[in-house]
Every structure is written in C-alpha cells, then in structure tokens.
Amino acid sequence: MAGRVLVSPQNGTWFLFPLSSLCSRSKHIKDRLHIRQNLFSPPSLKSAMLCRCRSQLQSHQEQSTVSTSAEPFVLTTPLYYVNAPPHMGSAYTTIAADVIARFQRLQGKKVIFITGTDEHGEKIASAATACGSSPREHCNIVSHAYKMLWKDLDISYDKFIRTTNPNHETIVKEFYSRVLANGDVYQADYEGLYCVNCEEYKDEKELLENNCCPMHLKPCIQRKEDNFFFALSKYQKSLEELLSQNPNFVQPSFRLNEVQSWIKSGLRDFSISRASVDWGIPVPNDKKQTIYVWFDALLGYLSALSQDKEQPALQDAISSGWPASLHLIGKDILRFHAVYWPAMLMSAGLSIPKLVFGHGFLTKDGMKMGKSLGNTLEPNDLVHRFGSDAVRYFFLKEVEFGSDGDYSEDRFINIVNAHLANTIGNLLNRTLGLLKKNCHSTLAVDSNIAAEGSAFKNTIEELVEKARVHYDNLSLSSACEAVLEIGNAGNLYLDERAPWSRFKQGDSSSEAAAKDLVVILEAMRIIAIALSPVAPSLCLRIYEQLGYSKDQFETMSWGDTKWGGLKGGQVMAQPKPVFARIESITEGEDVGETPKKVVKGKRIPQSQGVAEA
Ligand code: MSP
C-alpha cells in the first residue's frame, strides 16, 4: 500500500485535478467546489484501483454465499448521537438488533452485537455548551444514560463503542491514511447549506421553504469551508456494480430503488473534515481540521471489533469478524451506510458488509419522533410503567419492520394485555392450575406420547418453523405473529378439550385430560423458546414455571423447539402468573389493599405475578 503513495500534503507534491474529470461530475459540485489541492492518483492508478474494487466485490460475493458456521454473525446498531438522552426511536433500532442477536445465538451462531455512541461533532459540542458542561463531561453522562437504558431493556450487546475512545481514534487515523494513500482525498473550498442536526451538507433541491431540512424542519446554514474531500464520485461504477450484483445488499427491497436512484443521479464527493469544529479527531495531516463526524462514526463498526486490543489496528478488526453481517439502521441514514460507507471501505481495501437494513420511523401524529422535533416518547418511562417485555413486544409486533408505525398508549395496553397477559400468560396459568389440582403438578406422560394421534403437534411444528423463517428474514412482526398463533392454537385446544370436565368423569377420560395438559404445556415450552428473542424475561418466567432452571433457559437452542422436550414425571412449579395485566382506572378509584402502581390513569400490579387465571 505504501508504494502507492505518490502524493501527500506532507511532501507538498500535488497533482492537478483533471478538468475533464471534474466536468463529468454533477453541476452542483462544479458550482460549489473550488479545488485547492488535490491528492488524486494519476489515471493509470485510478483504473488499477477500480479493478481492485471489482475483485473485492467478487470476494465479497463469494463470502456472502459461502458462509461457514465458524464465521461470527456481526451485527450493528447505529452509534447514537449523545446530544440528548435516548428516546424511543433510538431504542427501537436497538431492540430490533437485540432480537436478531438473540435469535442468531439460539441458532448456534457466535454473535458479535455492536452498539455505542457517536460523540464528536458540532451538534454534540453545542449540546454540551447549552448544558454548561464540557463536551467530554456531557458525552460521559449521555453515553451512560444509553447504557442504563439498554440494561433496563434487556439489551444483550457484546461491544459498546464510544467514538471518544482512544482506540477508536487510532483506527480512524489508520483508515484515513489508507484512503489518503489510495489517492482518494483532496483539499478544496466548499460552499453550501449545512444541516447541523443531520451533520450534512444538503442539496438545495431537497430542502423545504426557507432552506429548511425536511427531517428536522430547521433552516440549514450557509457555510463556506476549506475541507478535505473524499472522492466518492470515483466509486460510482463500483457502487452500481455492488448493487446490481448484490440486490440483497439493501433491504427491505423497496429501499434498494432509492439507493440506486441516488447513485444514478450522480455521486458527488463529500467533505470529510471540518475546519470550524474543534470537538473531533484531528485530521492526521492537518491539525487545524477535525475529521467529519460521519467519517469518524462509521469507523466505530470496525474499531468496536478491535476494542480490547492494547494496540488496535485495522487488521485486528478484520480478523475479529469483518465484514459485518448486518447493519441495522433507520431509513434516514441509509445514504451514509449504503453509499458513503461501501465506497470508503472499497477505498481502504476492506470488504463490504453483507446487508444494510433500513427500518422505518416511529412517528407521533405522522411526524418522525426525534430529539430535534421534541416529540419523543420516553423509553425509561415506558419500561418503568410496563416492563421491558411489553415495550419490546409491542414495537416489534405492531410496527412492520421496515415501515413506519405510530404509537398510541391505548393500543399499547390493549395489545400487550391481549397477547402477553391473556393469550400466553393466562393459558399457562390455567393449565398449571388444572395440573396442580388434578395431577399434583406432575406430567403424566412424555409430550411425544401425549400428542399421539393429534393434529395439534403438526400445527405447532408448522408455526414454529414459520417463526424461524420470519426471524431469519428479519420479518420480526410476522415472527411474533407465528408464535402468538401457537398460543391461540393452545387456547383453542384447551377450550375444545375442556379437560376440567373430563377430570370429573374419571378413568380413561381423566387420563386423556392429563395428556391434554401435557400437550398444552409442551406448546408453552416451545413458545418460551420461540418468543425468547423478543420477550426474554417473560420467557424465562415461563420456562421456570415449567420446572426448568435459569441455566437451562440460558443454554437452550432453537433446536429445542422440536416437539418432545417435556417428559413424564417432570414436576411443574406452583402456578404463578407470568405477566401482569395493565388495568385502567379512573382517578379517585379505590385500588384496594393489594399494592398497585397507578400511572397516568393506568394501574399495573406491582408484582409480575398478577394475571388472570
Ligand atoms: N450518529 C448517527 C449514526 C451514526 S452510525 C455510524 C445518528 N444518530 S441518531 O441518534 O440521530 O440516530 C440513530 C438511529 O436512531 C438512526 O438509525 C435513526 O434512524 C434512529 N431513529 C431516530 N429516531 C427515530 C424514530 N423516530 N423512529 C425510528 N428510528 C429512529 O444518526
């Protein structure tokens, strides 16, 4: 790589940027970009570079198709800005990523689940000033708030990367040097409209009246700066090839068209340094500038992989699991992940991630919920009032993953009560109550024997396979639906078979009734595994009610969803409701002697154990 460095700002040798090549760029960039110094390689090197990109592309495709089980499943959430504490929109991506991580672990994969905080840049520095703190103090506080929320939401991340971490800075500088050595960095004046909230220069044509950013509804600021630029336009063809040869690279599929049309409309180089921002990583060859916050933050995905090394290096990150299997992001940051990031990686000679999934927005009154608009929903408040399982389940079940979804508290309560308290919690509680009364809480026979001659077992096997396929395809709402269907089938079976009246008839009817209970409890065991990625605490409680230990819960795998786990003689725990129903009360209503939590006109029993039997 070092042999390729023909030009650098340090040695003062500059190649003139070829005018013909400039002309082929978009009019926009010609109007606004005044090239001062350029670090492009001569044309022969450029074509060599493109060839290398193509062969990289090929090796990426090979990697995608030939996946060995030893290969870790590396998935990432965006690194969240610490300008303000987390809101439900940020929690949404992380919950979804956690569900996928847990599902992949159940499938036996070694998972590296990366999340973290994006702490540099103008937006963060201004937020710190507004709070009267230094940027560092401010970042420490908000980053900690993210970690606390992830704990409350049962997020099982493996790596938490902060972009202010010194190891991250080392990786950013190494990456920058690679891109520089590849001739993809040049210096120029730039004038344009900047949205601080997006931390991005905007095209005038994408703005609303008064140059307002359509996302943040705030006017963009006219800026003129002398910056270092990344030669994104050079990767136009390679990116087109990446997308045409890997149509699954961007998902859901309808987002691929969006990305393709951005590329088709002509890629313009983007500035990767800021002269006016101190709070950032200094540009290696010009200490007066800091690295653009997006160029810095995207590298968090790599630095997270080499986080624990004393002397981190890109090579460590690569051998620890790069390329990522999945970047999970919101649709607003798709361009950064599906256009800028792959080009940056190609420039540095690194492999491209396998998949970028852009989910939709949680909205309030149709507007994106966000810190800038101040229309957020407090995840801490939701978790403390309703518990993490309810929050996780509601947003995944009720918002089609990939599309937008609006929140309403009434709908939240109705769904959670109907699905988790009634369909699942009640079914378990009723069955265990009958088992206690009639069978001393002990299973009469193996679940395989109990299911002989019944179509119920097949139904459950089909539903659990459906759930697996949906999880695998990231159709998280449909995966929840398939598991819920198991609960519905169980309720139907219980009502049709009415074991409570058969127990009264004695002899063979009692035996049949005892078998019915085993069948339903086996279905509950399968639910406890299949729903565990979404509602881990609830599923642990179900598992424990079925007589298993926490250790057994933690070591189970998806293979355990196979019918036949429950054995005759196994003793179930005393029936204790696993999910508290949320009840509405009107102000001033007597809540009785049992301690109750009354919040904003709703009450939830304090113990997790108050569901209807
Ligand atoms: N710091 C950048 C990401 C850098 S990744 C290398 C950033 N941060 S953010 O905090 O503004 O947004 C993080 C994620 O939260 C994005 O994926 C964004 O789409 C998501 N959400 C923020 N508000 C949201 C909703 N209202 N609904 C769903 N997700 C949304 O962008």
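Basis for what follows: all heavy atoms, side chains included, without hydrogens, waters or symmetry-related copies. Just follow the structure's listing: the first ligand is 1, and inside any ligand the first atom is 1.
- In this structure, the protein non-hydrogen atom closest to atom 3 (C) of ligand 1 is L79 O, 3.2 Å.
- Below 3.5 Å of separation, one finds no N or O of F361 facing any N or O of ligand 1.
- Heavy-atom contacts of M369 reach the following atoms of ligand 1: 23 (N), 24 (C), 25 (C), 26 (N) (cutoff under 4.0 Å).
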- Message: Between D404 and K368, is the salt bridge (charged side-chain N to carboxylate O under 4.0 Å, His left out) condition met? List the steps.
- Response: CA-CA 9 Å; D404 293 354; K368 180 196 175 204; over 6 Å; no
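- Annotation: cation-pi pair K331/F361 present, NZ/CZ under 6.0 Å from the ring centroid and within 45° of its normal.
- Residue-ligand proximity: H359 is placed with a non-hydrogen atom under 4.0 Å from ligand 1.
- The side chain of D118, and not its backbone, has at least one atom closer than 4.0 Å to an atom of ligand 1 (non-hydrogen atoms only; side chain from C-beta on).
- Protein heavy atom in closest approach to atom 15 (O) of ligand 1: Y80 CE2, 3.8 Å.
- Near G360, with a cut-off below 4.0 Å to any heavy atom, the atoms of ligand 1 are 28 (C).
- With salt bridges taken as basic N to acidic carboxylate O contacts below 4.0 Å, one links K234 and D184.
- Between the side chains of S537 and D154, a donor-acceptor pair is found at a separation under 3.5 Å.
- Counted by atom type alone, D296 and H168 present one or more donor-acceptor pairs between their side chains at under 3.5 Å.
- Of the polar atoms of L298, none of the N or O atoms is found under 3.5 Å from an N or O of ligand 1, judged by distance alone.
- The single protein non-hydrogen atom nearest to atom 19 (O) of ligand 1 is D332 OD1, 2.5 Å, given as residue, atom name and distance.
- Annotation for ligand 1: atoms under 4.0 Å from non-hydrogen atoms of K368 are 22 (C), 23 (N), 24 (C), 26 (N).
- The shortest contact between atom 16 (C) of ligand 1 and any protein heavy atom is with I333 CD1, 3.7 Å.
- The protein non-hydrogen atom at the shortest distance from atom 20 (C) of ligand 1 is T93 OG1, 4.0 Å.
- Residues Y301 and H337 bring a donor and an acceptor atom of their side chains to less than 3.5 Å of each other.
- Judged by the shortest distance from any of its heavy atoms, Y301 lies inside the 4.0 Å radius around the atoms of ligand 1.
- Taking atom 9 (S) of ligand 1 as the reference point, the nearest protein heavy-atom neighbour is Y81 CD1, 3.7 Å.
- An N or O contact shorter than 3.5 Å links G89 to ligand 1 by distance.
- Taking only nitrogen or oxygen atoms, main chain and side chain alike, Y92 does not reach within less than 3.5 Å of ligand 1.
- The aromatic rings of F395 and Y407 sit parallel to each other, their planes meeting at less than 30°, with 60° as the upper class boundary.
- Y340 pairs in a ring-ring contact (aromatic ring centres under 6.0 Å, His included) with only one of the listed residues (W262, F230, F270), which is F270.
- Under 4.0 angstrom from ligand 1, the non-hydrogen atoms of W294 all belong to its side chain.
- Listed by atom number, the atoms of ligand 1 under 4.0 Å from A297 heavy atoms are 6 (C).
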- Task: In sequence, state the C-alpha distance, the side-chain angles, and the governing distance for T93 and H359, and then conclude on side chain to side chain donor-acceptor pair (under 3.5 Å).
- Result: CA-CA 8 Å; T93 324; H359 64 69; 3.0 Å; yes
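- Between the side chain of N210 and the backbone N or O of C212, no donor-acceptor pair lies under 3.5 Å.
- Figure legend: K110 and F73 shown without cation-pi pairing, the cationic atom not lying both under 6.0 angstrom from the six-membered ring centre and within 45 degrees of its axis.
- The closest protein non-hydrogen atom to atom 27 (N) of ligand 1 is L362 N, 2.8 Å.
- Atom 17 (O) of ligand 1 has as its closest protein heavy atom G330 N, 2.8 Å.
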- Query: Do E409 and R411 pass the salt bridge (charged side-chain N to carboxylate O under 4.0 Å, His left out) test, and can you show the C-alpha distance, the side-chain angles, and the key distance before you say yes or no?
  - Reply: CA-CA 5 Å; E409 184 156 308; R411 210 166 111 248; over 6 Å; no
